[in-house]
Amino acid sequence: MRNTLFAMAALAAFMPGAALAQSASFDSARVPGAWASGDSDGACQTAAISYFMSDGTYVVFERFDGPLHAVGRWRLEGERFIMTHNDAPFAEDGVASAEATLTVTRLDSDRFVSTNTAGRERVRTRCHGLILPPGAQAGHGH
């Protein structure tokens with residue numbers, strides 16, 4: 001047993017990433033809200049906005065005051081962010097897209113960073129104070 005522990009410690013010393021091989025786990029309660037595509041606070045006024053709801057659905061607007069771009073469902077399993085992405089205009093058959101899986105590398109109060117299967121990184125910045133769509137008022141509608 002002692003030799004096995006020594007061998008594992010020696011291996012970890014030569015392979016710094018080996019000790020981090022365990023997958024990360026992120027809190028799905030941090031996901032709901034409005035996130036702009038981009039890495040600055042200004043992105044909330046100029047970039048596409050993904051609005052993730054706590055029930056596992058989301059909508060994407062081309063910008064905070066722009067048209068609806070897509071809808072889908074999401075879930076977070078450890079570091080895997082699994083989602084469908086259905087672009088507007090929507091097909092009349094209502095068939096959802098296949099699920100895609102992203103790897104979350106950062107998820108905190110301000111940034112949501114993920115990579116796709118091709119290794120491309122996407123940074124989202126949390127937006128505050130947006131009403132989507134603009135002009136919507138509480139108490140009106142259905």
Take W35 and F112 through the test ring-ring contact (aromatic ring centres under 6.0 Å, His included) and record every step on the way to the result. CA-CA 8 Å; W35 296 89; F112 180 175; 5.5 Å; yes
Check: W74 and P32 side chains under 4.5 Å, non-hydrogen atoms | yes
Hey, does R73 have a side-chain heavy atom less than 4.5 Å from the side chain of Y58? no
Could you tell me which non-hydrogen atom of [X] sits nearest to which non-hydrogen atom of [Y], and how far apart they are?
X	Y	answer
R111	D39	NH2-O, 2.8 Å
V60	A48	CG1-CB, 4.4 Å
A34	L130	CB-CD1, 4.4 Å
R124	S50	NE-OG, 4.1 Å
R30	L107	CD-O, 3.6 Å
G72	T84	CA-OG1, 3.4 Å

Ring pair (Phe, Tyr, Trp, His ring centres under 6.0 Å) pairs touching residues 83-104, sequence neighbours excluded, are H69-H85
Once rounded to the nearest 0.5 Å, what's the spacing between atom [atom1] of [X] and atom [atom2] of [Y]?
X	Y	atom1	atom2	result
M83	S114	CE	OG	8.0 Å
S109	H128	OG	NE2	7.0 Å
I49	L132	CD1	CG	6.5 Å
L76	S25	CG	OG	7.5 Å

- Item | R106: partners by salt bridge (Lys or Arg N to Asp or Glu O under 4.0 Å), with sequence neighbours left out |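 With sequence neighbours excluded, R106 shows a salt bridge (Lys or Arg N to Asp or Glu O under 4.0 Å) to D108, given in chain and number order.
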request  = Return yes if a side-chain donor-acceptor contact under 3.5 Å exists between T115 and R122, otherwise no.
outcome  = no
Side chain to side chain donor-acceptor pair (under 3.5 Å) filter on T105, not counting sequence neighbours, yields none
Please confirm whether the ring centroid of F52 lies under 6.0 Å from the ring centroid of F81. yes
Any side-chain hydrogen bond (donor to acceptor under 3.5 Å, both in side chains) pairs touching residues 91-103, not counting sequence neighbours?
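Every pair satisfying side-chain hydrogen bond (donor to acceptor under 3.5 Å, both in side chains) with a residue in residues 91-103: R75-E99.
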With sequence neighbours left out, what residues match R63 under side chain to side chain contact (heavy atoms under 4.5 Å, CB included)?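 Partners of R63 under the side chain to side chain contact (heavy atoms under 4.5 Å, CB included) test: D65.
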Taken in chain and number order and not counting sequence neighbours, the residues that satisfy side chain to side chain contact (heavy atoms under 4.5 Å, CB included) with C44 are A36, C127
Can you confirm whether F61 is buried at CZ, in the sense that more than 12 heavy atoms of other residues, nucleotides or ligands lie under 6.0 Å from that atom? yes
Are V59 and F64 connected, step by step, through hydrophobic side chains (Ile, Leu, Val, Met, Phe, Trp, Tyr) whose heavy atoms are closer than 4.5 Å?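 Hydrophobic grouping puts V59 with F64.
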- Examine distances only and state if a side-chain atom of N86 and a backbone atom of V71 form a donor-acceptor pair shorter than 3.5 Å.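 Yes; judged by distance alone, with no hydrogens or angles, the pair exists.
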